[in-house]
Engineer: 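The structure under discussion is supplied below as structure tokens; questions concerning it will follow.
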Amino acid sequence: MSRLLYFIKKESLHILRDVRTLLVVIGIPVILMFLFGFAVSTDVNNVNVAVCAPVRSESVERLVSQISHNELFTVVGYVGTDEVDDVMRRGDAGAVVVFAEDFDRIIAGKEPGRKAVQLVLDGSNPNVAASATAYLTGLIGESFSNMNPGDMIESHILYNPQMKSSYNFVPGILGLIFILVCAMMTSISIVREKEMGTMEVLLVSPVRPIWIIVAKMVPYFILSCVNLLTVMLIAKFALDVPMTGSMTGIIIISMVYILLSLSLGLMISTITDKQIVALLISGMLLMLPIMMFSGMLFPTENMPMVLKPFTYIVPARWYIDAMRKLMIEGLDFSDVMLEFGILCGVALLILGVALKKFNDRLE
């Protein structure tokens, strides 16, 4: 154990003395937080809509048909009044159109002052909520003849009533930061030892090879924990992200994702002997898919069917989904067990493959 601690101390000192590495590991996450939190916005073109209609009159059915035939919306089905909250929490729909029980009488002008339709929208992704509100209001308003749609439609934005884009980007930034710090920096650190010829010196030391790898991974694990704390503080006090969900769940999910990212870095180090190659693999094969297919920038629901399968094999997609539910929607850890199970399985699989390939190379 004392030898392992010595190697951890050695790697930590090596990182602390490398100013450029520290700037990348500590500085870039902060810059990304402010950049994506304040400067970036996106458009959406598809929203899943559920319908709550106590009375399915002809006019209600006709309006639902108009919504379903609009290319911006996909009607996923009818739900009961007591199911609206559950549908939104599960993420089955980004919006729910709730029709009043006496919808026909209201639009006929027989009950002035009452709202005919209530829109309930998921504000954890403000771009989706804003687009859905605008288009649904316009689409439904066409059925009210000369009446003002604003007098007939009432909107409720859940989870993010202020419609702040930072609520959407903070979980995505976490998914990107850990890949940047863990996978990229770990792979480059190990490959650098091989490129400089010092890996052989370390391997003939009294410490077992597996502990040498652990010693290289521990400092980046600690730095990732520091980054997690930094991002949480910035999100809470600079971007006003509420974080009303389970903090224990946030920490557990993040620890699993950090382990997964470290395992990816170790795997990359086993297939290359050049730092520049490791950097390119980390950037092209890890960072770009995260930005494109994880839902960090673009809603996965908007992607063509041919690309949607790729979103399921990007681990960051499940981490970002879980963090949005925990941080923005205020759910409990029990509500993200699917994402937690997938991340654990992928982490164990990648770690097992990486360690086996590393041992095979040693032999």
Engineer: Same cluster or not: V226 versus I251, using hydrophobic residues (I, L, V, M, F, W, Y) connected whenever any side-chain heavy atoms lie under 4.5 Å apart?
Structural biologist: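 Hydrophobic grouping puts V226 apart from I251.
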Engineer: Are L343 and M337 linked, directly or through intermediate hydrophobic residues, by side-chain heavy-atom contacts shorter than 4.5 Å (ILVMFWY only)?
Structural biologist: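 Yes, same cluster.
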Engineer: To the nearest 0.5 Å, what is the distance between CD1 on I258 and CD1 on I177?
Structural biologist: 10.5 Å
Engineer: List the atom of A347, the atom of V256, and the distance in Å for their closest heavy-atom pair.
Structural biologist: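 For A347 versus V256, the nearest heavy atoms are CB-O, 4.3 Å.
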Engineer: For S269, does its backbone N or O pair with a side-chain atom of T272 as donor and acceptor, under 3.5 Å?
Structural biologist: no
Engineer: Answer with yes or no whether the hydrophobic clustering places L338 together with L260; edges join I, L, V, M, F, W, Y residues whose side-chain heavy atoms lie under 4.5 Å apart.
Structural biologist: yes
Engineer: Which residues end up grouped with V55 if you chain together Ile, Leu, Val, Met, Phe, Trp and Tyr wherever their side-chain heavy atoms are less than 4.5 Å apart?
Structural biologist: none
Engineer: More than 12 non-hydrogen atoms from neighbouring residues, nucleotides or ligands closer than 6.0 Å to OH on Y78, yes or no?
Structural biologist: yes
Engineer: Do the rings of Y312 and W318 sit parallel, tilted or perpendicular, given the 30° and 60° boundaries?
Structural biologist: tilted
Engineer: Looking only at the side chains, is there a donor atom on one of Y220 and S261 sitting less than 3.5 Å from an acceptor on the other?
Structural biologist: no
Engineer: Show your working on side-chain contact (heavy atoms from CB on, under 4.5 Å) between F99 and R56 and close with a plain yes or no.
Structural biologist: CA-CA 9 Å; F99 291 93; R56 300 186 189 180; over 6 Å; no
Engineer: Which residues pass the salt bridge (Lys or Arg N to Asp or Glu O under 4.0 Å) test with D335, not counting sequence neighbours?
Structural biologist: none
Engineer: Enter the distance from I271:CD1 to S187:OG here, rounded to the nearest 0.5 Å.
Structural biologist: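 If I round to the nearest 0.5 Å, the distance is 9.5 Å.
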Engineer: Between S57 and S59, is there a side-chain donor-acceptor contact under 3.5 Å, judged purely by atom types and distance?
Structural biologist: yes
Engineer: On a heavy-atom basis, which atom in S246 and which in G249 lie closest, and how many Å separate them?
Structural biologist: OG-N, 2.9 Å
Engineer: If every non-hydrogen atom of P171 is compared with every non-hydrogen atom of I320, which pair is closest and at what distance?
Structural biologist: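 Heavy atoms of P171 and I320 come nearest at O-CG1, 3.7 Å.
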Engineer: For the CD atom on E101, are there more than 12 heavy atoms of other groups (residues, nucleotides or ligands in this structure) within a distance under 6.0 Å?
Structural biologist: no
Engineer: For a side-chain contact (heavy atoms from CB on, under 4.5 Å) check, start with the C-alpha distance between F178 and L262, then their side-chain angles and the critical distance, and finish with the verdict.
Structural biologist: CA-CA 9 Å; F178 292 141; L262 290 169; over 6 Å; no
Engineer: Using the rule that two of Ile, Leu, Val, Met, Phe, Trp, Tyr join whenever any of their side-chain heavy atoms come within less than 4.5 Å, decide whether L349 and I313 are in one cluster.
Structural biologist: yes
Engineer: Hey, is the main chain of T133 close enough, under 3.5 Å, to the side chain of T137 for a donor-acceptor pair?
Structural biologist: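 At least one qualifying donor-acceptor pair exists.
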Engineer: To the nearest 0.5 Å, how far apart are CE in M217 and OG in S224?
Structural biologist: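 M217 atom CE to S224 atom OG measures 10.0 Å (nearest 0.5 Å).
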Engineer: Indicate yes or no: at least one non-hydrogen side-chain atom of V76 is less than 4.5 angstrom from one of V49.
Structural biologist: no
Engineer: Taking C-beta and beyond as the side chain, do M267 and S263 meet within less than 4.5 Å on heavy atoms?
Structural biologist: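 Counting from C-beta outward, M267 and S263 never come under 4.5 Å.
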Engineer: Backbone N or O of L63 within a donor-acceptor pair of the Q66 side chain at under 3.5 Å?
Structural biologist: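 Looks like no, no N/O pair under 3.5 Å.
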Engineer: Would you say the side-chain atoms of T186 pair up with the backbone N or O of A183, donor to acceptor, closer than 3.5 Å?
Structural biologist: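 Side chain of T186 to backbone of A183, a donor-acceptor pair under 3.5 Å: no, none is there.
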Engineer: Under a single-linkage definition using a 4.5 Å side-chain heavy-atom cutoff for Ile, Leu, Val, Met, Phe, Trp and Tyr, are V170 and L229 assigned to the same hydrophobic cluster?
Structural biologist: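 Each belongs to a different hydrophobic cluster.
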Engineer: Quick one: pull up CG in L119 and CG in L136 and give me the separation to the nearest 0.5 Å.
Structural biologist: 5.5 Å
Engineer: Could you check whether any side-chain heavy atom of D92 comes within less than 4.5 Å of a side-chain heavy atom of N48, counting everything from C-beta outward?
Structural biologist: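 No, too far: nothing below the 4.5 Å cut-off.
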Engineer: To check you understand the geometry: which heavy-atom pair defines the closest contact between C225 and M255, and what is its length?
Structural biologist: SG-CE, 3.8 Å
Engineer: Judged by atom type as modelled, is there a donor-acceptor pair below 3.5 Å linking the side chain of Y257 to the main-chain atoms of G175?
Structural biologist: yes
Engineer: Please tell me if the side chains of F221 and L259 come closer than 4.5 Å, counting only heavy atoms from C-beta onward.
Structural biologist: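 Heavy-atom side-chain distance check fails, nothing below 4.5 Å.
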Engineer: Can you tell if the side chain of V79 reaches within under 4.5 Å of the side chain of V51, non-hydrogen atoms only?
Structural biologist: no
Engineer: Walk me through it: do I234 and M232 pass the test side-chain contact (heavy atoms from CB on, under 4.5 Å)?
Structural biologist: CA-CA 6 Å; I234 294 175; M232 290 297 178; over 6 Å; no
Engineer: With side chains defined as the heavy atoms from C-beta onward, is the minimum distance between I253 and F340 less than 4.5 Å?
Structural biologist: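 Touching, per the 4.5 Å side-chain cut-off.
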Engineer: Which donor-acceptor pairs under 3.5 Å do side chains of residues 322-332 form with protein atoms, sequence neighbours excluded?
Structural biologist:
from	atom 1	to	atom 2	distance (Å)
R324	NE	N168	O	3.4
R324	NE	N168	OD1	3.3
R324	NH1	G295	O	3.3
R324	NH2	N168	O	3.2
R324	NH2	N168	OD1	2.7
R324	NH2	G295	O	2.9
K325	NZ	E339	OE2	2.9

Engineer: Less than 4.5 Å apart, any side-chain heavy atom of F103 and any of P54?
Structural biologist: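 They are not in contact (no side-chain heavy atoms under 4.5 Å apart), so the answer is no.
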